[in-house]
Amino acid sequence: MIKRNTVQCALVLEAVNKLRHHATAEEIYSEIAREHPSISRATVYRNLGRLAQTGKIRKVAMPDGADRFDHLQHEHHHIRCEKCGRLFDADMDYIADLDKSIRDLHGFKLTGYDIIFKGICPECRENNGK
């Protein structure tokens, strides 16, 4: 017998993989609710947390906006458009052990890091010229 949570978790994972654009929890919920209107936001949010915790998806914390969820689990960096807010994967090698360069941790025990470059995407640059 399949547990309900397993089915719901599978729906959330499927939506993240389908969207493939660093979607917010709300975008993921909307995607699932189209075909499964009885699913709750709380269920989607809870399963996003579980999937991120188990490493099946990657949660990208955004300091000035909603967290994003990435279908790519490997360590990599991102670029965020300052105009539209979309998040893109940076096409570069991952900078491993960058945290070892920090001279003063202020008592922190580091658990990881995300580097998010910022700029203006080609679409927004094009729209700005019109």
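Heads up: numbering here begins at 1 and tracks the sequence.
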> Hey, what do you get for CD1 (Ile57) to CG (Asp70), rounding to the nearest 0.5 Å?
Replying inline: 9.0 Å
>> Restricting to non-hydrogen atoms, name the atom on Cys121 and the atom on Arg86 that form the minimum distance, rounded to 0.1 Å.
In response: SG-NH2, 3.2 Å
> Counting distance only, does the side-chain N/O of Asn128 pair as donor-acceptor with the main-chain N or O of Cys124 below 3.5 Å?
Replying inline: no
>> Checking one residue: Ile79. Which other hydrophobic residues are in its cluster under the side-chain 4.5 Å linking rule?
In response: Met92, Tyr94, Ile95, Leu98, Tyr113, Ile115, Phe117
>> Show every ring-ring contact (aromatic ring centres under 6.0 Å, His included) that has at least one partner inside residues 14-56, sequence neighbours left out.
In response: His22-His78
> What pairs meet the side-chain hydrogen bond (donor to acceptor under 3.5 Å, both in side chains) rule with one or both residues in residues 55-67, with sequence neighbours excluded?
Replying inline: Arg58-Glu75, Arg58-Asp114, Lys59-Asp67
>> Just to verify, what does Gln73 make a side chain to side chain contact (heavy atoms under 4.5 Å, CB included) with, not counting sequence neighbours?
In response: none
> Quick one: hydrophobic cluster around Val60, which other residues, with the 4.5 Å side-chain cut-off, linked directly or via members?
Replying inline: Met62, Leu87, Ile116
> Restricting to pairs with a member in residues 8-29, which pass salt bridge (charged side-chain N to carboxylate O under 4.0 Å, His left out), not counting sequence neighbours?
Replying inline: Lys18-Glu31, Glu26-Arg41
>> Going by ring pair (Phe, Tyr, Trp, His ring centres under 6.0 Å), name the residues that satisfy it together with His106, two or more places apart in sequence or in a different chain.
In response: none
>> Which residues pass the side chain to side chain contact (heavy atoms under 4.5 Å, CB included) test with Glu82, not counting sequence neighbours?
In response: Lys118, Ile120
> Taking only residues two or more places apart in sequence, or in another chain, which ones meet Asp97 in a salt bridge (charged side-chain N to carboxylate O under 4.0 Å, His left out)?
Replying inline: Lys100
>> Please enumerate all residues that pass side-chain hydrogen bond (donor to acceptor under 3.5 Å, both in side chains) together with Ser40, with sequence neighbours excluded.
In response: Thr43
> Can you check side chain to side chain contact (heavy atoms under 4.5 Å, CB included) on Ile28 and Leu19, steps first, answer last?
Replying inline: CA-CA 8 Å; Ile28 294 163; Leu19 291 171; 3.9 Å; yes
>> Suppose we screen for side-chain hydrogen bond (donor to acceptor under 3.5 Å, both in side chains). Which residues come up paired with Lys83, at least two apart in sequence or across chains?
In response: none
> Phe108: which other cluster members, linking ILVMFWY side chains closer than 4.5 Å, directly or transitively?
Replying inline: Ile102, Leu105, Leu110
